[in-house]
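Encoded as structure tokens, the structure appears first; notes follow it.
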Amino acid sequence: MDGYEIIRSKRKTIAVEVRGDGSVLVRAPYRMSSREIQSFIDSKTDWIGRHLKLIRERQACPVKYLTKEEIQELADMAGDDIRRRVERYAPYVGVSPGKITIRSQKTRWGSCSAQGNLSFNCLLMLCPEEVRDYVVVHELCHRIEFNHSSRFWKEVERVLPEYKASRKWLKENGDALIRRLG
């Protein structure tokens, strides 16, 4: 594969990133030879190609951006809907949440602070109900395991045995929804 930028740093591992503009960035340790970097890139050619294809498809499809009013309406709806879901699932998880906030975020569907405060993306209102349940349970489980270890995923699965379908839905459809924020 041709045409990629290399950034060398004190990092220990090599990584490749396909940016939204279609450029490819390789982050590599200082000590790694050009030949090793090229070998790594060659091993990732299929992955890079798939991501470049997705970017071209996205660029070909016009995006209907949400207005400020529509975002506020989603946030208002999410405030009620997500709070009800947190109240429903918190006892099953065995935790009590802190403050709940609704935001319009471009990178996250939800988050949990060390203090137990939960934040959710208003765009969840554009997702199926089971996906909203999954994100709520995911964040509540961070009150038990503040990481994504196997123990964390076992907690999620204990509460929502079919969570993988919702996780897959978000991976396949989430970017298109987030792009609507502009």
Qualifying ring-ring contact (aromatic ring centres under 6.0 Å, His included) pairs, either residue in residues 49-88, two or more places apart | Trp47-His51
Could you give all pairs that pass the salt bridge (Lys or Arg N to Asp or Glu O under 4.0 Å) test and reach residues 83-93, with sequence neighbours left out?
-> Asp81-Arg84, Asp81-Arg85, Arg85-Glu129, Arg85-Asp133, Arg88-Asp133
Heavy-atom distance under 4.5 Å between the side chains of Phe120 and Val86, does that happen here?
-> yes
How would you list, by chain and number, every residue that makes a ring pair (Phe, Tyr, Trp, His ring centres under 6.0 Å) with Phe152, sequence neighbours excluded?
-> His138, His142, His148
Has Arg151 got more than 12 heavy atoms of other residues, nucleotides or ligands less than 6.0 Å from its CZ?
-> no
I'd like a table of donor-acceptor pairs (distance under 3.5 Å, sequence neighbours excluded) in which one partner is a side-chain atom from residues 173-182, with atom names and distances.
{"residue": "Asn173", "atom": "ND2", "partner": "Trp169", "partner atom": "O", "Å": "2.9"}
{"residue": "Asp175", "atom": "OD2", "partner": "Arg58", "partner atom": "NH2", "Å": "2.7"}
{"residue": "Arg180", "atom": "NE", "partner": "Lys64", "partner atom": "O", "Å": "2.8"}

Taking Arg132 for the side chain and Ile82 for the main chain, is one N or O donor matched with an acceptor at less than 3.5 Å?
-> no
Arg8 side chain reached by Ile37 side chain, heavy atoms, under 4.5 Å | yes
Sequence-distant partners of Arg27, side-chain contact (heavy atoms from CB on, under 4.5 Å), two or more places apart | Ile7, Arg11, Glu17, Leu25
More than 12 foreign heavy atoms under 6.0 Å from CD of Glu130: is that the case here?
-> yes
Residues, nucleotides or ligands: over 12 heavy atoms within 6.0 Å of Glu36 CD | yes
Identify, with sequence neighbours excluded, every residue that meets salt bridge (charged side-chain N to carboxylate O under 4.0 Å, His left out) alongside Glu157.
-> none
Are more than 12 heavy atoms from other residues, nucleotides or ligands located less than 6.0 Å from atom OH of Tyr92?
-> no
